[in-house]
Amino acid sequence: MTAAWTPVALARDLPRLCVMPVCVDGTQLALWRSATGRLAAWADRCPHRGMRLSHGFVRGEALSCIYHGWSYGSDGHCLRIPAHPDLVPPEAIRVPVFHAMESGGVVWVVTQATDALPPTVEGTPLRSLTVEAAVDWDAAGFSVSGPVARGQLSGMMVTILVQPLPQGRFALHALAEATASPSAQIEVSRGLEGLRRRAEEAFA
Ligand code: FES
């Protein structure tokens, strides 16, 4: 069985030197991008006292914890402990690291080893939004393959990448046709909000 890649964000929503929290397979992760643009997805828990690393800050190619400033290099290994500047941190102080990849303007993460690549998607990254209920893709006229749903919205073919979240919620990452004009993109964005409203009303 091949481990599945999960879409977690549109790439443009994670600029360099930024970190954000994401959830994959029920695991909270800190997703961040270094000064040179390298992506990383780590367990969202500092090995020191458990502070969320997604509250931390990126400097160069390292992510630092907001609490006591321990800083971690690209392989998750602790580089520096500010309270003990002369100490070389032991190898054992390490953040669990997962695979993150950018493809088609989308950031994908997988939490298990895999040789597979993320699904190929095309289009103009449009927006991400959270839905508090499951969308009935059949009723919406979409075809679904893995995390990829494709169908018409506001008269245009749209690709929606579905990311399961805890407590029955979902993040939807939408891509419009590559040729979509700015006004068409606005219409698709409104259509996406309508999709969300109908899903949440059906659930209420
Ligand atoms: S909890 Fe992260 S450095 Fe202390």
Side-chain angles (χ1 to χ4, degrees), residues 2-119 125 127-132 147 161-174:
T2 306
W5 289 87
T6 299
V8 294
L10 297 181
R12 68 180 187 193
D13 291 337
L14 183 68
R16 294 178 186 210
L17 300 175
C18 285
V19 55
M20 64 193 290
V22 300
C23 183
V24 176
D25 300 333
T27 302
Q28 300 293 333
L29 304 178
L31 182 70
W32 62 283
R33 196 190 289 276
S34 75
T36 58
R38 191 183 51 77
L39 273 174
W42 290 1
D44 196 4
R45 182 178 168 82
C46 179
H48 182 214
R49 291 197 185 165
M51 171 61 79
R52 282 178 171 253
L53 288 169
S54 57
H55 293 329
F57 50 93
V58 184
R59 282 210 183 116
E61 301 304 300
L63 176 64
S64 295
C65 178
I66 193 80
Y67 200 176
H68 307 97
W70 290 26
S71 113
Y72 301 91
S74 57
D75 62 353
H77 172 226
C78 185
L79 297 175
R80 185 169 174 272
I81 298 176
H84 305 281
D86 296 328
L87 177 76
V88 176
E91 271 291 322
I93 305 179
R94 185 178 288 273
V95 184
V97 173
F98 302 98
H99 294 290
M101 182 179 285
E102 187 172 329
S103 174
V106 177
V107 179
W108 301 80
V109 171
V110 66
T111 56
Q112 300 170 42
T114 181
D115 294 329
L117 293 173
R127 64 179 291 192
S128 298
L129 84 179
T130 302
V131 187
E132 300 291 330
L161 307 174
V162 183
Q163 175 191 4
L165 298 175
Q167 296 162 345
R169 300 158 67 242
F170 295 84
L172 306 182
H173 310 286

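All ligand and atom numbering here is 1-based and tracks the order in the structure. If you read the sequence from its start, that first residue is 1, and numbering goes on from there.
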Tally of protein N, O or S atoms, where distance to atom 4 (Fe) of ligand 1 is under 2.8 Å: 2
Using 4.0 Å as the upper bound for N to carboxylate O, is an ion pair formed by Arg94 and Asp75? yes
Would you say Tyr72 and His77 make side-chain contact, with heavy atoms under 4.5 Å? no
Sequence neighbours left out, what passes salt bridge (charged side-chain N to carboxylate O under 4.0 Å, His left out) with Arg38? Give chain and number order. Glu61
Enclosure of Arg12 CZ (heavy-atom neighbours >12, cutoff 6.0 Å): yes
Flag side-chain contact, heavy atom, 4.5 Å: Leu53 against Leu63: yes
Could you walk me through whether Thr114 and Trp5 pass the side-chain contact (heavy atoms from CB on, under 4.5 Å) test, one step at a time? CA-CA 9 Å; Thr114 181; Trp5 289 87; 3.8 Å; yes
